[in-house]
Amino acid sequence: MGRVAFLFTRAPHGSAAGREGLDALLATSALSEDIGVFFIGDGVLQLLPGQQPDKILARDYIATFGVLPLYDIKQCFVCKTSLLERGLSDGQTLVIEAQHLTPQTLRDRLRDYDIFLTF
């Protein structure tokens, strides 16, 4: 299996994309160690701690991205510009440790991967 990049680009509420992507990511981690996880655009919102989906009657939010280190998934990247565009700081506390990279650096990192799955 080639190197696999998971790109999370959607907000945590309003669709099951985050949950489905995380399920696929965890399943793939059993088959490959060459996994990178990228949070871009609204996908950076998946990593915010303290979300309360019940306040907006959302049932599709998952706060389980924090399990990634337990699955030995360490290559996690967050787009700095996406954070700033959403009113968050580059030093924003997230539910996982991730490298904060510029869009250009993210593109450069993505060149190292063979397979891309977007959620």
Side-chain angles (χ1 to χ4, degrees):
M1 176 180 273
R3 297 192 76 203
V4 182
F6 284 82
L7 291 83
F8 290 89
T9 62
R10 294 188 185 168
H13 307 294
S15 82
R19 181 178 53 238
E20 292 170 356
L22 181 61
D23 288 346
L25 172 58
L26 297 179
T28 303
S29 73
L31 304 172
S32 175
E33 293 180 11
D34 290 330
I35 295 175
V37 187
F38 297 80
F39 296 90
I40 303 167
D42 286 341
V44 300
L45 301 174
Q46 295 278 358
L47 299 178
L48 295 179
Q51 296 191 39
Q52 299 176 337
D54 54 317
K55 301 283 184 188
I56 60 169
L57 302 177
R59 294 184 181 95
D60 53 6
Y61 171 71
I62 50 167
T64 54
F65 278 99
V67 301
L68 295 184
L70 298 175
Y71 286 80
D72 206 28
I73 299 170
K74 298 176 182 166
Q75 297 296 310
C76 299
F77 309 99
V78 175
C79 179
K80 284 183 184 185
T81 302
S82 296
L83 287 170
L84 297 173
E85 287 174 345
R86 283 147 189 84
L88 306 169
S89 72
D90 185 31
Q92 174 72 42
T93 300
L94 304 174
V95 297
I96 61 170
E97 285 190 37
Q99 295 180 43
H100 295 214
L101 304 175
T102 65
Q104 181 59 49
T105 306
L106 277 171
R107 283 190 291 276
D108 292 343
R109 287 284 172 110
L110 282 169
R111 287 188 189 112
D112 295 334
Y113 292 87
D114 306 306
I115 301 167
F116 303 92
L117 300 169
T118 304
F119 297 91

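Position 1 is the first residue of the sequence, and the numbers go up from there.
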Roughly how far, to the nearest 0.5 Å, is the [atom2] atom of [Y] from the [atom1] atom of [X]?
{"X": "Gln46", "Y": "Leu94", "atom1": "CD", "atom2": "CG", "result": "12.0 Å"}
{"X": "Leu45", "Y": "Leu83", "atom1": "CG", "atom2": "CG", "result": "8.5 Å"}
{"X": "Leu25", "Y": "Ile35", "atom1": "CG", "atom2": "CD1", "result": "5.5 Å"}
{"X": "His100", "Y": "Leu106", "atom1": "NE2", "atom2": "CG", "result": "11.0 Å"}
{"X": "Gln92", "Y": "Leu47", "atom1": "CD", "atom2": "CG", "result": "10.0 Å"}
{"X": "Leu48", "Y": "Thr93", "atom1": "CG", "atom2": "OG1", "result": "9.5 Å"}

Taking [Y] as the starting point, is it possible to reach [X] by hopping between hydrophobic residues whose side chains are less than 4.5 Å apart?
{"X": "Leu110", "Y": "Ile115", "value": "no"}
{"X": "Leu101", "Y": "Ile96", "value": "no"}
{"X": "Tyr71", "Y": "Phe39", "value": "yes"}
{"X": "Leu117", "Y": "Leu26", "value": "yes"}
{"X": "Tyr113", "Y": "Leu31", "value": "no"}

If you take all heavy atoms of [X] and [Y], which pair is closest and at what distance?
{"X": "Gly18", "Y": "Phe65", "value": "O-CZ, 4.0 Å"}
{"X": "Val37", "Y": "Phe8", "value": "CG1-CE1, 3.7 Å"}
{"X": "Ser82", "Y": "Val44", "value": "CB-CG1, 3.7 Å"}

**OP:** Scan Phe119, Phe116, Phe77 and name whichever one has a ring pair (Phe, Tyr, Trp, His ring centres under 6.0 Å) with Phe38.
**Re:**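 One option only clears the test, and that one is Phe77.
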- request: For Asp108 and Arg111, run salt bridge (Lys or Arg N to Asp or Glu O under 4.0 Å): C-alpha distance rounded to whole Å, both residues' side-chain angles, the deciding distance at 0.1 Å, then the answer.
  value: CA-CA 5 Å; Asp108 292 343; Arg111 287 188 189 112; 2.5 Å; yes
Might you work through the side-chain contact (heavy atoms from CB on, under 4.5 Å) test for Val67 and Ile73, ending with a clear yes or no? CA-CA 9 Å; Val67 301; Ile73 299 170; over 6 Å; no
Item checked: side chain to side chain donor-acceptor pair (under 3.5 Å) partners of residues 27-43, not counting sequence neighbours, each pair once ->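 Residue pairs passing side chain to side chain donor-acceptor pair (under 3.5 Å), neighbours aside: Asp42-Arg86.
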query: Just by modelled atom types, is the Leu84 backbone N or O under 3.5 Å from a matching donor or acceptor in the Ser89 side chain?
result: no
For this session: Flag yes if more than 12 heavy atoms outside Glu97 fall under 6.0 Å of its CD atom; otherwise flag no.
Result: no
